[in-house]
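What follows is a set of notes on a single structure, which appears directly below.
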Amino acid sequence: MSSAERYRALRGVQDILPPEIFIWQKVEEVAKDVFSAYGFQEIRPPIIEVTDIFTRSIGENTDIVEKEMYTFSDKAGRSITLRPEGTAPFVRCYVQNCLYNLPSPQKFFYSGPMFRYERPQKGRFRQFYHIGVEALGISDPKIDAEILSMLRFLLERLGLEGLTFEVNSIGCEKCRPDYRKALLNFFSGRINGFCPDCKRRYELNPLRILDCKVKECIKLRVGSPRVTDFLCKDCREHFDALLSLLRLLDFPYVINPDMVRGLDYYTRTTFEVTSKQLGAQNAVAAGGRYDRLVEEFGGPPTPAIGFAIGIERIVELLKSSDKLEILAPKVFIATIGASAEKEGLLIANKLRERGIWVEISYAAHSLRSQLRRADRLSAKYVLIMGDDEVSSRKLKWKRLSDGTQGEIAIDKVLEFFNK
RNA sequence: GUGGGCGUGGCUCAAUGGUUAGAGCACUGGACUGUGGCUCCAGGUGUUGGGGGUUCGAGUCCCCUCGUCCACCCCA
């Protein structure tokens, strides 16, 4: 280490390196694959937006907006924010590009980094990655069920097990105020027993009291009104229809009436997928309906539903369950002498043009040390070539796993490795 | 923002307050210049995260600070 201070990545952000990057690539590939089977197409909105987009949609009193956003002024004095989540920018993009004129449902997905200024912990970073999915134009619960089963299918395809799928309905702008009133009424006599956080929640966002993990608060909320008992007729029907579709699809859901969403824009269906193998940050995917948001962004009334999955949490699960595929070169070309070196370079090029991973030696090392390097790289085959081989136009191949070797004509090398 | 644990070569870790801070792994080369894995040998400028203090003497004790991990909080 030098005496100069070395640079390091900012707190809460990370470099993603091999071999872990291969899991990331797999997750992205499988997701793209599954989404296209359901007709979802990729879009790539920008990472920065005007700050208002987030404050208006996520809600002024949420933690995200109050203290977690990366916000700065650009050179023209506009307030700009690095996106803390994907749905609000998506809706801006949807309205701006008049995507509602496409035949409905319009189905899109996107992936990329999100930013929140939080204290890092297991499964929580300041720059974290989401794959998000949005379906618009359909209010029928069939699309809710489709989205959920697509999510389940994706997680299954990735080989994940032991996940819990929680669903709930938090009603609409018609029924939620009644529920809120009932909650406040129920809790008003118990407020003194609450933890300080819940006392604060009582004022700001009483629904969040349902989420508290403090034992006293859990006791005090026994028998509290349930959101599902306050749904209006339309929301009730929507939720019931969704549940019967899920049963039809043999979807292993659990109703969690205490599940509340932190963002203001949600309506009706909300859901969350959790794993017990993660730490406190146990959600691997979550989402819900946001039937009012497009209109609020100046578009036509457009029902919508979406979810996002947290890539690093999926990767975390796969790291412990997956046997990592070891990537290794197929061929190492070991040469002795200048003419063999040139010949070897030509062979390497031909093989590489066919997409075969070939490594060569970059200095005139002894054959021993070249073989040792091939071994350390876990190369499958070594091609050995010296003056004799060049003049006879034949070279030796050796399979490192069992040490077998043989001879092959130089112009047959392509066929040998092409299969 | 709050609380707790942990900071010693690239990694995992040793070192009662007392010589020149060690070992394993990894890495590079050699022994073995046409045959890898095994073995042996050689190769490290470590400000013991940083700063201050206590002490004859600090990796070790105290304070501050930074980083990291976990949890609270919060969250698609």
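Quantities reported herein were computed from a predicted structural model and do not represent experimental measurements. Sequence lines set the chain letters: A, B, ... in the order given, protein chains first and strands last, and positions in each chain run from 1.
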Can you tell me how far C1' in B:U19 sits from the matching atom in B:G24, rounded to whole Å?
-> 24 Å

What's the closest nucleotide to the A:R313 side chain, out of B:C75, B:U35, B:G34?
-> B:C75

Considering only atom P, compute the distance from B:U48 to B:G59 and round it to an integer number of Å.
-> 7 Å

Any strand is fair game: report the nucleotide pairing with B:A26 by Watson-Crick or G-U wobble, both distances under 3.5 Å, or none.
-> none

Complement of B:U47, any strand, by Watson-Crick or G-U distances under 3.5 angstrom | none

Which word best sums up how the rings of A:F416 and A:W397 line up, parallel for under 30°, tilted for 30 to 60°, or perpendicular for over 60°?
-> tilted

Which salt bridge (charged side-chain N to carboxylate O under 4.0 Å, His left out) pairs, counting each pair once, include a residue from residues 272-298 of chain A, with sequence neighbours left out?
-> A:D144-A:R289, A:R261-A:E272, A:R289-A:D291, A:R292-A:E295

Quick one: ring-ring contact (aromatic ring centres under 6.0 Å, His included) partners of A:F239, sequence neighbours excluded?
-> none

Does B:G9 have a Watson-Crick or wobble mate here (both distances under 3.5 Å), and if so which one?
-> none

A:R376 vs B:U28: side-chain N/O to OP1/OP2 distance below 4.0 Å | yes

note: A:Q281, atom CD; B:C72, atom P; distance rounded to Å ~ 7 Å

Which part of the nucleic acid, if any, lies within contact of A:K398, taking any heavy atom under 4.0 Å across all strands shown: a base, the sugar-phosphate backbone alone, or nothing?
-> base

In whole angstroms, the gap separating P of B:C27 from CG of A:L377 amounts to 10 Å

Rounded to the Å, how far apart are A:L395 CG and B:U35 C1'?
-> 15 Å

B:U60 and B:A15, which share atom name C1', separated by this distance in whole Å = 9 Å

Inter-nucleotide C1' distance (B:U45, B:A21), Å rounded = 15 Å

Integer angstrom distance from the P of B:C27 to that of B:G22 | 24 Å

With a 6.0 Å cut-off on ring centres, are A:F194 and A:F187 close enough?
-> yes

For A:A283, which contact category applies under a 4.0 Å heavy-atom criterion: base, sugar-phosphate, or nothing?
-> base

Mate of B:G59 across any strand shown (Watson-Crick or G-U wobble, both atom pairs under 3.5 Å) is none

Looking only at side-chain atoms of A:S369, point me to the closest of B:G30, B:U35, B:C69.
-> B:G30

Is it the case that A:R190 places NZ or CZ above or below the six-membered ring of A:F186, under 6.0 angstrom from the centre and within 45 degrees of the axis?
-> yes

Could you say whether A:R119 or A:I309 is positioned toward the 5' end of RNA chain B, judged by the nucleotide with the nearest heavy atom to each?
-> A:R119

Is the phosphate of B:C75, meaning OP1 or OP2, less than 4.0 Å from a side-chain N or O of A:R116?
-> no

Round to the nearest Å and state the distance from A:D63 atom CG to B:G1 atom C1'.
-> 10 Å

Which of the following nucleotides, B:G37, B:U33, B:A71, is nearest to the side chain of A:S366?
-> B:U33

In whole angstroms, the gap separating P of B:C32 from CG of A:D375 amounts to 20 Å

Between B:U35 atom P and A:L371 atom CG, what is the distance in whole Å?
-> 9 Å

With a 3.5 Å cut-off and just heavy-atom distances, do the side chain of A:Q405 and the base of B:U35 make a donor-acceptor pair?
-> yes

Between B:G34, B:C75, B:G29, spot the one nearest the side chain of A:H365, thanks.
-> B:G29

Phosphate OP1/OP2 of B:A71: any A:Q121 side-chain N/O under 4.0 Å | yes

Can the ring centroids of A:F40 and A:F109 be said to lie less than 6.0 angstrom from one another?
-> no

Atom-to-atom span, CZ of A:R372 to P of B:C38 - whole angstrom | 10 Å

For A:G403, answer base if it contacts any base atom (sugar-phosphate contacts may also be present), sugar-phosphate if it contacts only those atoms, and nothing otherwise; contact means non-hydrogen atoms under 4.0 Å.
-> base

Is A:N282 touching bases, backbone alone, or none of the nucleic acid, heavy atoms closer than 4.0 Å?
-> nothing

Between the base of B:G34 and the side chain of A:E389, is there any donor-acceptor pair under 3.5 Å?
-> yes

Expressed in whole Å, how much space separates the C1' atoms belonging to B:G1 and B:A14?
-> 38 Å

Between A:L278 and A:G12, which is nearer to the 5' end of RNA chain B once each is assigned its nearest nucleotide?
-> A:G12

Do A:R124 and B:C69 have a side chain to base donor-acceptor pair shorter than 3.5 Å?
-> no

With a distance cut-off below 6.0 Å to the six-membered ring centre and an angular limit of 45° from the axis, does A:R126 pair with A:Y117 as a cation-pi contact?
-> yes

Rounded distance in Å between the C1' positions of B:U54 and B:U12 | 33 Å

Nucleotide paired to B:G3 in any strand shown, Watson-Crick or G-U, under 3.5 Å = B:C70

Regarding A:Y179 and A:R226, is there a side-chain donor-to-acceptor distance under 3.5 Å anywhere?
-> no

Whole Å only: how far is the CZ atom of A:R11 from the C1' atom of B:G1?
-> 12 Å

Using the P atom in both, what is the distance from B:C69 to B:C56, to the nearest Å?
-> 40 Å

Establish, with yes or no, whether the OP1 or OP2 oxygen of B:U35 is under 4.0 angstrom from a side-chain nitrogen or oxygen of A:R368.
-> no

